[in-house]
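Structure first, then comments.
When a ligand or atom number is given, it counts from 1 through the structure's own listing order. Just so it is clear, the structure is predicted and the values come from calculations on it, not from any experiment.
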Amino acid sequence: MLSRGYYGEFGGVFIPEILTTTFDELAEAFEKVKSDPGFWQEYSHIMSTYSCRPTPLSFAENLTRHFGGAHIYIKREDLNHTGAHKANNVMGQGLLAKRMGKSRVIAETGAGQHGVATATMAARFGFKCTVYMGEMDVERQRPNVFWMERLGAEVIPVIDGTRILKDAINEAFRDWVTNMDDTHYVLGTACGPHPFPEMVSYFQSIIGKEAREQSLKNEGKLPARVYACVGGGSNALGIFSAFLDDRVELVGVEAAGEGLDTGRHASRLASNDGSVGVAQGYKTYFLQDRDGQMKETHSVAAGLDYVGISPILAWHREKGRIRFEAATDSEVLDAMSLTIKKEGLIPALESAHAFAQAFKEAPDLSADDIILINQSGRGDKDIFTIAEAFEDPGWKAFIQKKGNEYGA
Ligand SMILES: *Cc1c(COP(=O)(O)O)cnc(C)c1O
C-alpha cells in the first residue's frame, strides 16, 4: 500500500491535528488485524452465522431470455442482515473496535441505512451508539430513525449547513475529537481520510471473493463485465476488488438523477461536473462550485446522493481500469419494475442503477458472455419513494387514511 493512503493523487489524511493520534492508532490496529488470519476467520464466522454469507449468486434466467444476450447473474447482497452490503462493513469495524477496547461507536447516516446497520451492530456487540443524521434526513426517513432508536441508539439531528449527509459527517468528526479514548467512528463508505477507504473496501471485498468463486463454479469462467452502483463506492469496490487483475470489465454506475445535463444529479465521475478538491478529510472528485462550496445533489436513490466519491475509485478511473456510467431516475424505475416482474427480486433503488446500465448493454453481448450485477440491497425500504413515483392510487389512499387517523 502506498504511504499514508494515497491512490495516485487521491486520498490522504486531511484532519485536525488533535485527531492524528486517533487515526494513527486506527491505521495501526487495522494493519494488525489484516495480517492476522484469526481475525478474518472470526469475521467470516460472524458473517455466516449472524448475516447471510456467503450470499447466493442467482442466475436471472428470465431477464437473460428477455434481453437475448449475455447470461445475467445477480450477487445477492440484499440478503444480508438489515438488507444491504452495509452489514459487511459495520460488523468488520465492530470487531475491530472490540479489539481496540472501545466501548462506544458513532456513525453518520444519510438515508439511515448505515445508521440502522451500525445501531444493529452496536446492539449485538454491546456498544453505546450515537448516530448523526442531517435534520432534513431525519424528517424524510422516519422509519429508519424509529428502528435506530428501538435498537438503543441515540439519533442526533444535525442542524448545520444544508442539514444532510455531509453535515452529519462533519458533526461525527467533531464528536470523535472530544471522545477519542472510548469511541470508534464507524464511517459508512470507502471515503474519508486514510485508513477508512482501504478499511471499508477490505471488509466489503468479501463480496467479490465469493462472487469470483461462484462464477467459476457455476459457469466455469469469469464474467465479461461486472456492474455496481456507486454512492461513496463501497459496494462497487467490494465486488470489483476480486477482478482487478482479471480480464473483466468493471462498470461503476452513478446517479444521473434527472439527467447529466440538468445539473440535478449526483454524478462525480461520469459527468463533467465533478472536480478535484480536498474536503471531509480527503482528496477526490467532488461536486463543488469554483469556491469549493459543495453543490446540492439529486437522485431518486437516497444512498447515492453524496458529493464525494472513494479516492480509490477516482484513481482506478484515472488509470482507465474502471468505466463510469450514470443512469437516470426514470431508467432506474424501469429497470426496477422489470426486475421485480421478471425475477421476483426487489432491488434497492441504489442497486437498480447497476441493473439499468447492465440492461442497456446486455443485448450487445453474446450468449457466451456472463455479466454480473451487484444487488447491493433490497428495495422494500424504498416503498414510500417507489409507490409515489408509480403514483400508486391504493398507496396514496392508505397514506391519506393514516394521516386522517392522526388528525393531520
Ligand atoms: C448505502 C447504499 C449504497 C451506496 O453506498 P456505496 O458505499 O456506494 O456502496 C448502495 N446501495 C445500497 C442498497 C445502500 O444501502
- Query: Is the cationic atom of R317 (NZ for Lys, CZ for Arg) positioned less than 6.0 Å from the six-membered ring centroid of Y285 and within 45 degrees of its normal?
  - Reply: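 Because its charged atom sits under 6.0 Å from the ring centre and within 45° of the axis, R317 does stack over Y285.
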
- Answer yes or no for R150 and F146: cation-pi contact, defined as NZ/CZ to six-membered ring centre under 6.0 Å and angle to ring axis within 45°. yes

Heavy-atom count check: over 12 atoms from other residues, nucleotides or ligands less than 6.0 Å from [X] [atom1]?
X: I159; atom1: CD1; answer: no
X: E25; atom1: CD; answer: yes
X: E213; atom1: CD; answer: no

For ligand 1, run through the N/O pairs with the protein that fall under 3.5 Å and put one pair on each line.
| from | atom 1 | to | atom 2 | distance (Å) |
| --- | --- | --- | --- | --- |
| ligand 1 | 7 (O) | T189 | OG1 | 2.5 |
| ligand 1 | 7 (O) | G233 | N | 3.3 |
| ligand 1 | 7 (O) | S234 | N | 2.8 |
| ligand 1 | 7 (O) | S234 | OG | 2.7 |
| ligand 1 | 8 (O) | G231 | N | 2.7 |
| ligand 1 | 8 (O) | G232 | N | 3.1 |
| ligand 1 | 8 (O) | G233 | N | 2.8 |
| ligand 1 | 9 (O) | H85 | NE2 | 2.9 |
| ligand 1 | 9 (O) | S234 | OG | 3.3 |
| ligand 1 | 9 (O) | N235 | N | 2.8 |
| ligand 1 | 9 (O) | N235 | ND2 | 2.8 |
| ligand 1 | 11 (N) | S376 | OG | 2.7 |
| ligand 1 | 15 (O) | K86 | NZ | 2.5 |

- Message: For E108 and Y185: C-alpha separation, side-chain torsions, deciding distance, then whether side-chain hydrogen bond (donor to acceptor under 3.5 Å, both in side chains) applies.
- Response: CA-CA 9 Å; E108 85 292 347; Y185 177 14; 2.9 Å; yes

